[in-house]
*Asks:* 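Sharing a structure here in structure tokens format.
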Amino acid sequence: MPELPEVETIARSLREGAQGGVSLLGCHFTSVQVSWERSLATPSIGELEHRIIGRCIVDIGRRGKFIVFSLDRDWLVFHLRMSGDLRVEPLIGDDHLIKPLGPYDRASFTFSEGVRLVFEDTRKFGRIWLVDSVDRMMSNLGPEPLDPVLTPEIFHQRLKSRHRQIKPLLMDQSFLAGLGNIYTDEALYLARVHPLRRSDSLEFPEAELLLSAIRQVLRQGIKSNGTSIDWVYKGGSFQNTLQVYQRTGESCRRCGTLIERIVVGQRGTHFCPVCQVLDPQ
DNA sequence: CATCAACCCTGAGAGC
DNA sequence: TGCTCTCAGGGTTGAT
């Protein structure tokens, strides 16, 4: 389930060709294939083809959990949701034939440089967009948690301006861009904030601590190349650092109390009932 | 504005 | 062994 660190890791390897991979910078599109129509949010397949063939990739980055390809005209944007992934591979296999796509490959973009970019997505929740304004598309996204322009003062003000349970608020992408279930649970634990606390009940020092906890888990996640949980995302090692996520019934590493699991905003939520107290509500 | 439920999907794991 | 059932999970949408 890619969150900010996983998306950052994938975007980085597409851009820099990390771990033996190939950088896509400068590549030119020669064809597009979409095998599951609903993976393409916009435009139509015909228009996508028409607008993208011949375009060149100028940059590859991330905004929230979106992977953004800046082309010499338009932007190609991916959201991996639960099970999506992007991989780059040679178009031609060892048998000198064009490699067939796998059963979970939903779209493929080939380049004049002899490689292709494959969007695979087992659960079909991921989406692809080709847009002429990435700013308009992202206009509802909240601030980047790692961006220094988000000061503790501003963060505290934003928390104060709402009256919501803290966990669903942190996962609300229009409030803050990039946190998902795993890193939210971890950050709340690190900051000793109960997931059901009301956002406007946090005093400034708590908000400051929470923001720094969020940054700490995200930075550590990026350094670990993300979290490999279940069969969905592979390659990262942050799962070895998890303090509460999927540790229900195991001991808190700070106080030994058993980690509890509750449902908050329809999401499985893991916390230590002793370290993360609810009292001010 | 906040909360909740349904929906989109599939593989995995449990129960039988 | 193999079937059926339930569940997770991000984000959108619609109801309360």
Side-chain angles (χ1 to χ4, degrees), chain A residues 1-8 10-11 34-42 62-68 77-86 101-107 119-129 131 136-142 144-145 157-188 195-202 214 218 221 226-234 236 238-239 242 244-249 259-271 281:
Chain A
M1 46 232 67
E3 304 182 30
L4 188 152
E6 291 77 28
V7 174
E8 176 73 30
I10 293 169
V34 177
S35 37
W36 179 256
E37 269 100 12
R38 302 181 66 161
S39 294
L40 181 60
T42 189
R62 174 195 64 76
R63 173 79 171 92
K65 300 180 201 171
F66 293 92
I67 294 175
V68 180
V77 181
F78 295 85
H79 197 301
L80 306 177
R81 293 278 184 92
M82 303 302 307
S83 58
D85 198 5
L86 286 170
L101 291 177
Y104 305 127
D105 293 338
R106 309 305 180 190
F119 174 64
E120 56 172 296
D121 183 21
T122 316
R123 291 183 180 168
K124 300 178 174 172
F125 283 5
R127 289 293 179 269
I128 304 168
W129 297 258
V131 295
R136 198 183 323 145
M137 178 181 170
M138 309 274 170
S139 63
N140 286 328
L141 263 194
E144 284 293 321
Q157 268 319 113
R158 288 174 68 83
L159 290 173
K160 284 268 173 215
S161 70
R162 313 292 293 273
H163 180 73
R164 286 182 64 182
Q165 297 169 334
I166 187 73
K167 170 162 175 177
L169 183 60
L170 292 179
M171 290 180 62
D172 184 334
Q173 302 297 298
S174 66
F175 181 80
L176 197 61
L179 285 184
N181 209 34
I182 299 175
Y183 292 91
T184 305
D185 279 2
E186 294 297 311
L188 287 170
L196 291 175
R197 275 284 293 281
R198 292 287 158 174
S199 57
D200 55 354
S201 78
L202 271 76
I214 290 168
L218 291 177
T227 308
S228 307
I229 283 281
D230 301 332
W231 45 277
V232 179
Y233 177 91
K234 329 154 260 299
F238 188 72
Q239 67 278 9
L242 296 176
V244 286
Y245 187 78
Q246 286 196 353
R247 293 195 65 244
T248 311
I259 300 301
E260 286 183 13
R261 181 184 186 279
I262 57 175
V263 175
V264 179
Q266 303 182 87
R267 294 286 173 258
T269 299
H270 314 74
F271 71 107
Q281 199 22 323

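So you know, we letter chains A, B, ... as the sequences are listed, proteins then strands, and number each from 1. Here the structure is a predicted model, which is why all the values come from computation and not from measurement.
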*Asks:* Are R247(A) and E260(A) close enough, and set up right, to give a salt bridge (Lys or Arg N to Asp or Glu O under 4.0 Å), and what steps lead you there?
*Replies:* CA-CA 8 Å; R247(A) 293 195 65 244; E260(A) 286 183 13; over 6 Å; no
*Asks:* Angle between ring planes, F78(A) versus F119(A), binned at 30° and 60°: parallel, tilted or perpendicular?
*Replies:*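 The rings of F78(A) and F119(A) sit tilted, inter-plane angle from 30° to 60°.
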*Asks:* Kindly determine whether R261(A) and F271(A) satisfy side-chain contact (heavy atoms from CB on, under 4.5 Å), including the steps that lead there.
*Replies:* CA-CA 7 Å; R261(A) 181 184 186 279; F271(A) 71 107; over 6 Å; no
*Asks:* Ion pair present between D185(A) and K167(A), side-chain N to carboxylate O less than 4.0 angstrom?
*Replies:*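 Salt bridge present between D185(A) and K167(A).
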*Asks:* Would you say a side-chain N or O of R198(A) is under 4.0 Å from OP1 or OP2 of dA2(B)?
*Replies:*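 Answer is no, no contact under 4.0 Å.
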*Asks:* Between P on dC1(B) and CZ on R164(A), what's the gap in Å once rounded to a whole number?
*Replies:*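 After rounding, the gap between these two atoms is 10 Å.
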*Asks:* Mind calculating the distance between CH2 (W36(A)) and C1' (dC9(B)) to the nearest angstrom?
*Replies:*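 My rounded result for the distance is 8 Å.
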*Asks:* Which letters describe nucleotides 5-12 of chain C, given B = protein heavy atom under 4.0 Å from base, S = only from sugar-phosphate, - = neither?
*Replies:* ---BBBB-
*Asks:* Taking for each residue the nucleotide of DNA chain B bearing the nearest heavy atom, is the 5' side occupied by R106(A) or by R162(A)?
*Replies:*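 Final value for this comparison: R162(A).
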*Asks:* Quick one: D172(A) CG to dC4(B) P, roughly how many Å, whole number?
*Replies:*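 Result: 15 Å.
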*Asks:* Please state how far atom CD in E120(A) lies from atom C1' in dT10(B), giving the value in whole angstrom units.
*Replies:*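 Distance, rounded to whole Å: 14 Å.
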*Asks:* Quick one: do the S174(A) and N140(A) side chains pair a donor with an acceptor below 3.5 Å?
*Replies:*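 Side chains of S174(A) and N140(A): no pair found under 3.5 Å.
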*Asks:* Rounded to the nearest 0.5 Å, how far does CZ of R162(A) lie from CG of D200(A)?
*Replies:*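 It is 10.5 Å, given to the nearest 0.5 Å.
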